[in-house]
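Atoms considered below: every heavy atom in the structure, side chains included; atoms not considered: hydrogens, waters and symmetry mates.
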Amino acid sequence: ILLVDVREVKSRDDRDFILERLLQSGVKAELRNLDLGDFLFVARLLPQYRLGNPLDSEEVVLDLVIERKREDDLIASIPDGRFMEQKY
């Protein structure tokens, strides 16, 4: 499942554009407040394999995190050190 950061929007007036386009394309996606990156993938256990309450979600974060940047933000993030921190 692709998690999309809640702050990742097309514009102030079109906050759901990215999520809606992903869902229309057949991508299983959800909005969530992410501490790291703009997009990341999780694997969620099927209900029959969950421990405890079968309605609880058990997730594993996969090793792919996507940080989306505009060109001007990328250029500004190099001298101030954010680029290396986010890259790591």
Say whether Ile78 and Met84 are linked into one hydrophobic cluster, either directly or through other cluster members, by side-chain heavy-atom distances under 4.5 angstrom.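 Result: yes, single cluster for both.
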Listed by chain and number, what are the side-chain contact (heavy atoms from CB on, under 4.5 Å) partners of Asp63, not counting sequence neighbours?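 Not a single residue meets the side-chain contact (heavy atoms from CB on, under 4.5 Å) criterion with Asp63.
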Residues in side chain to side chain donor-acceptor pair (under 3.5 Å) contact with Glu67, at least two apart in sequence or another chain: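 Per chain and number, Glu67 pairs via side chain to side chain donor-acceptor pair (under 3.5 Å) with no residue.
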Which residue pairs pass the side-chain hydrogen bond (donor to acceptor under 3.5 Å, both in side chains) test when at least one of the two sits in residues 24-34, sequence neighbours left out?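 Every side-chain hydrogen bond (donor to acceptor under 3.5 Å, both in side chains) pair that includes a residue of residues 24-34, provided the two are not neighbours, is Arg7-Asn33, Glu30-Arg44, Arg32-Glu59.
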Salt bridge (charged side-chain N to carboxylate O under 4.0 Å, His left out) partners of Arg82, counting only residues at least two apart: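 Arg82 satisfies salt bridge (charged side-chain N to carboxylate O under 4.0 Å, His left out) with Asp73, Asp80 once adjacent residues are dropped.
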Applying the side-chain contact (heavy atoms from CB on, under 4.5 Å) test to Leu3, which of Val65, Val61, Val42 qualifies?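 The side-chain contact (heavy atoms from CB on, under 4.5 Å) with Leu3 is passed solely by Val42 among Val65, Val61, Val42.
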Connecting only ILVMFWY residues whose side-chain heavy atoms lie within less than 4.5 Å of each other, what is the rest of Val60's hydrophobic cluster?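 Under the 4.5 Å side-chain rule, Val60 groups with nothing.
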Co-members of the apolar cluster containing Phe41 [side chain, <4.5 Å]: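 Listed partners: Leu2, Val4, Val6, Phe17, Ile18, Leu19, Leu22, Leu23, Val27, Leu31, Phe39, Leu62, Leu64, Ile66.
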Quick check against the 3.5 Å criterion: does Asp38 have a side-chain atom that pairs as donor or acceptor with the backbone of Glu8?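 Not at all, since once roles are kept as given, no pair shorter than 3.5 Å links the two residues.
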